[in-house]
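Structure record follows, encoded as structure tokens.
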Amino acid sequence: KAGVTQTPRYLIKTRGQQVTLSCSPISGHRSVSWYQQTPGQGLQFLFEYFSETQRNKGNFPGRFSGRQFSNSRSEMNVSTLELGDSALYLCASSFSGGRYEQFFGPGTRLTVL
Amino acid sequence: AQSVTQPDIHITVSEGASLELRCNYSYGATPYLFWYVQSPGQGLQLLLKYFSGDTLVQGIKGFEAEFKRSQSSFNLRKPSVHWSDAAEYFCAVGSTGNQFYFGTGTSLTVIP
């Protein structure tokens, strides 16, 4: 089985711009979660989607949004970028979420200048 | 509330020495527990998991972990560390509320 893929791998944006990140889960997985990872904050949970519905949401401002398509692929959008949004954004897929192990993609490294 | 604590932010060991990384969790029901490893600039790779049954679980790369319910712990061990084990290690708990909780991670440095 192919693993979780994320595109793009690297991204450079300027303050005020918006960005869209993409995640393709493992075939058959219906749950996709997004995390922000920074050196000072560790792994911060953004949100989780299951069957095209947002099922859980972390404590991030409304500038961070996401969606999931019928094929389970997911996108994450950040509007009005701030310098503090520079981070590694990780996507993880799981068969049904919750208690089951998550499989991570390589991440998208976002740099905001 | 569910939480995961990794009390050691950074650990340094000599190559060939044994390793133990600590993890404590707070969870009301029987937890599903995981250890992940992350190499620099990479995603997380699952090392091992505990769902139920034998409290000593074996994982990849020679790692094992022991679930101790009385201590709410799930410590990761390896009898002999290799230089390639240098990485960041994360403990996590999966909940029935469809959420995954990660610890803050332990950075491992291996001295030749």
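Order of the sequence lines sets the chain letters (A, B, ...), proteins ahead of strands, with each chain counted from 1.
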Check: What are the two closest non-hydrogen atoms of A/Phe104 and B/Leu44, and how far apart are they?
Finding: CB-O, 3.4 Å
Check: For the residue pair B/Gln38 and A/Leu88, what are the closest heavy atoms and their distance?
Finding: NE2-CD2, 3.9 Å
Margin query: Given heavy-atom pairs under 4.5 angstrom as the criterion, report whether the side chain, backbone, both or neither of A/Gln6 touches chain B.
Written below: neither
ILVMFWY network linking [X] to [Y], side-chain heavy atoms under 4.5 angstrom:
{"X": "A/Val32", "Y": "B/Phe102", "value": "no"}
{"X": "B/Leu48", "Y": "B/Ile60", "value": "yes"}
{"X": "B/Val4", "Y": "B/Phe63", "value": "yes"}

Margin query: Using side-chain heavy atoms (C-beta onward) and a distance below 4.5 Å, is A/Leu43 in contact with B/Glu88?
Written below: no
Item checked: Side chains of A/Gln102 and B/Tyr36 in contact at under 4.5 Å (non-hydrogen atoms) -> yes
Does [X], at its [atom1] atom, have more than 12 non-hydrogen atoms belonging to other residues, nucleotides or ligands within less than 6.0 Å?
{"X": "A/Leu113", "atom1": "CG", "answer": "yes"}
{"X": "A/Arg15", "atom1": "CZ", "answer": "no"}
{"X": "A/Asn71", "atom1": "CG", "answer": "yes"}

Notebook entry, point to check: Do the ring centers of A/Phe45 and B/Tyr101 come within less than 6.0 Å of each other?
Noted result: no
Note to self: I need the A/Gln37 CD to B/Phe90 CZ distance, nearest 0.5 Å.
What the structure shows: 4.5 Å
